[in-house]
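Right, one structure below, let's go through it.
Proteins get letters first, then strands, A, B, ... in listed order; numbering begins at 1 in each. Computed from a predicted structure; not experimentally measured.
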2 protein chains.
Amino acid sequence: MSFELLKKNKQIILYGASLAGLLFLLQWLELRFIIMDHAFEIYAGAIAIIFTGVGIWLALRLAKPKTLIVEKEVYISAETTFVQNENELERLGLSKRELEVLQLISTGMSNQEIAERLFVSLNTVKTHSSNLFGKMDVKSRTQAIDKAKKMQIIA
Amino acid sequence: MSFELLKKNKQIILYGASLAGLLFLLQWLELRFIIMDHAFEIYAGAIAIIFTGVGIWLALRLAKPKTLIVEKEVYISAETTFVQNENELERLGLSKRELEVLQLISTGMSNQEIAERLFVSLNTVKTHSSNLFGKMDVKSRTQAIDKAKKMQIIA
DNA sequence: TCGAGACTCATACTTTTGTGTGATTTTTGA
DNA sequence: TCAAAAATCACACAAAAGTATGAGTCTCGA
């Protein structure tokens, strides 16, 4: 715990130490160059410059990094992001088979192709599609596709 | 031009000025408190602390911000992000009118409705649609819708 | 100005789609 | 278990979609 604290305040401790160190250095230097004119100003200037540097160094180390949030546009194909709108689907009251037919219609299949895919007769597919058009309140397969996509009940 | 330069180096000039100012201040203070013991060390410490502050301030102002790039995924629905795939559209060789018909077909409109919308005859719409089906290599309007959406040539 | 492509339209025909009605079987939930 | 819903299918008809062919007009670039 106290070690943690030490670690956390490392910079501050280091700063204090360097400050103290420099003062000792200055005192020692004072003895040697006290005779010099304007020695004080020179020292003061040196300290100012040095500690400006220390300050800069401190700031750069301690400054919280500015978090730059880059909004990355992620284009995701409709298939991967598709989540079926269960509510709307429920509301329509489409049966499992009707939804299946609707999905196949949306892929561009003809009634005959759908019949073959589902192993039922063409008439059955027609019945299903006609019924689902009624439930969806549309008049054609193309309208059904458009509406179903807008309602997010198919991909 | 020289004004620009002045502006650009404002911080540096300010720093120099404050440094000079402080030295004058110190010289003046020296005359008054020279009698104090350890005055020099006190001054030196004060200078160190002040210029550490100056350094920090400078660093924070001038330093390039440490940027932590956080990629935030922005999900965008298909409708709002729609950009027509010009290349594919070009490749298909659809005429302006054919594309118009295709777009209206995709909204679920019947040929008759499209004819009325475009102020042309039903036969004209049929001709356009038949031609565009040929160019798109599909056999029905539903297939055309599916393919066009996948090719991103319609919304 | 000449030809190619675009746009228009018609006619005739085929195919597909959609509706209406009725019926049988299966599934399912109360 | 019993009724309702779902799924299946047929037939007949109507409506829409799609194809093939031919043709007239218009625009635009070579």
Whole-Å distance between [N] [atom2] and [X] [atom1]?
X: B/E98; N: D/dG18; atom1: CD; atom2: P; result: 14 Å
X: A/K139; N: C/dT16; atom1: NZ; atom2: C1'; result: 19 Å
X: A/N131; N: C/dT21; atom1: CG; atom2: P; result: 13 Å
X: A/I105; N: C/dT16; atom1: CD1; atom2: P; result: 15 Å
X: A/Q112; N: D/dA17; atom1: CD; atom2: C1'; result: 16 Å
X: B/E113; N: D/dA16; atom1: CD; atom2: P; result: 9 Å
X: A/D137; N: C/dG18; atom1: CG; atom2: P; result: 15 Å
X: A/L94; N: D/dA5; atom1: CG; atom2: C1'; result: 14 Å

message: Please compare B/L122 and B/G93 by the position of their nearest nucleotide in DNA chain C and report the one closer to 5'.
response: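 Going by which nucleotide is closer to the 5' end, it is B/G93.
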Are [X] and [N] close enough that a side-chain N or O sits under 4.0 Å from OP1 or OP2?
X: A/T124; N: D/dC9; answer: yes
X: B/H128; N: C/dC7; answer: no
X: B/S130; N: D/dG18; answer: no
X: B/S140; N: D/dA17; answer: no
X: B/R141; N: D/dA17; answer: yes
X: B/S110; N: D/dA16; answer: no

query: Are A/K126 and A/L122 close enough, and set up right, to give a side-chain contact (heavy atoms from CB on, under 4.5 Å), and what steps lead you there?
result: CA-CA 6 Å; A/K126 284 187 177 184; A/L122 173 60; 4.1 Å; yes
Please determine, for the side chain of [X], which listed nucleotide ([options]) has the closest atom?
X: B/S95; options: C/dT8, C/dA6, D/dT19; answer: C/dA6
X: A/T127; options: D/dC9, C/dG18, D/dG18; answer: D/dC9
X: B/K96; options: D/dC9, C/dC9, C/dC7; answer: C/dC7
X: A/S121; options: D/dA10, D/dT8, D/dG18; answer: D/dA10

- prompt: Is there a side-chain contact (heavy atoms from CB on, under 4.5 Å) between B/L118 and B/L104 once you walk through the steps?
  reply: CA-CA 10 Å; B/L118 300 180; B/L104 295 178; 3.9 Å; yes
Atom of B/I145, atom of B/I154 and distance for their closest heavy-atom approach: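 Closest heavy-atom pair between B/I145 and B/I154: O-CD1, 4.4 Å.
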query: With a 4.5 Å heavy-atom cut-off, do A/L92 and A/M151 have their side chains touching?
result: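 Side-chain contact under 4.5 Å: yes.
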task: Using a 4.0 Å heavy-atom cut-off across all strands, classify A/N123 as base, sugar-phosphate, or nothing.
output: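 A/N123: base contact, heavy atoms under 4.0 Å.
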- request: Look at all strands and tell whether B/S129 reaches a base, only sugar-phosphate, or nothing, counting heavy atoms closer than 4.0 Å.
  value: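 Here B/S129 touches no strand at all.
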message: Within this structure, what is the CG-CZ distance for the pair A/L132 and A/R141, rounded to the nearest 0.5 Å?
response: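 So the gap between those two atoms works out to 9.5 Å.
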query: How long is the span from the OG atom in A/S129 to the CD1 atom in A/I105, to the nearest 0.5 Å?
result: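 With rounding to 0.5 Å, OG (A/S129) is 5.0 Å from CD1 (A/I105).
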field: 5' priority, DNA chain D, between A/K135 and A/K126 [closest heavy atom]
entry: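 Nearest nucleotide further toward 5': that of A/K135.
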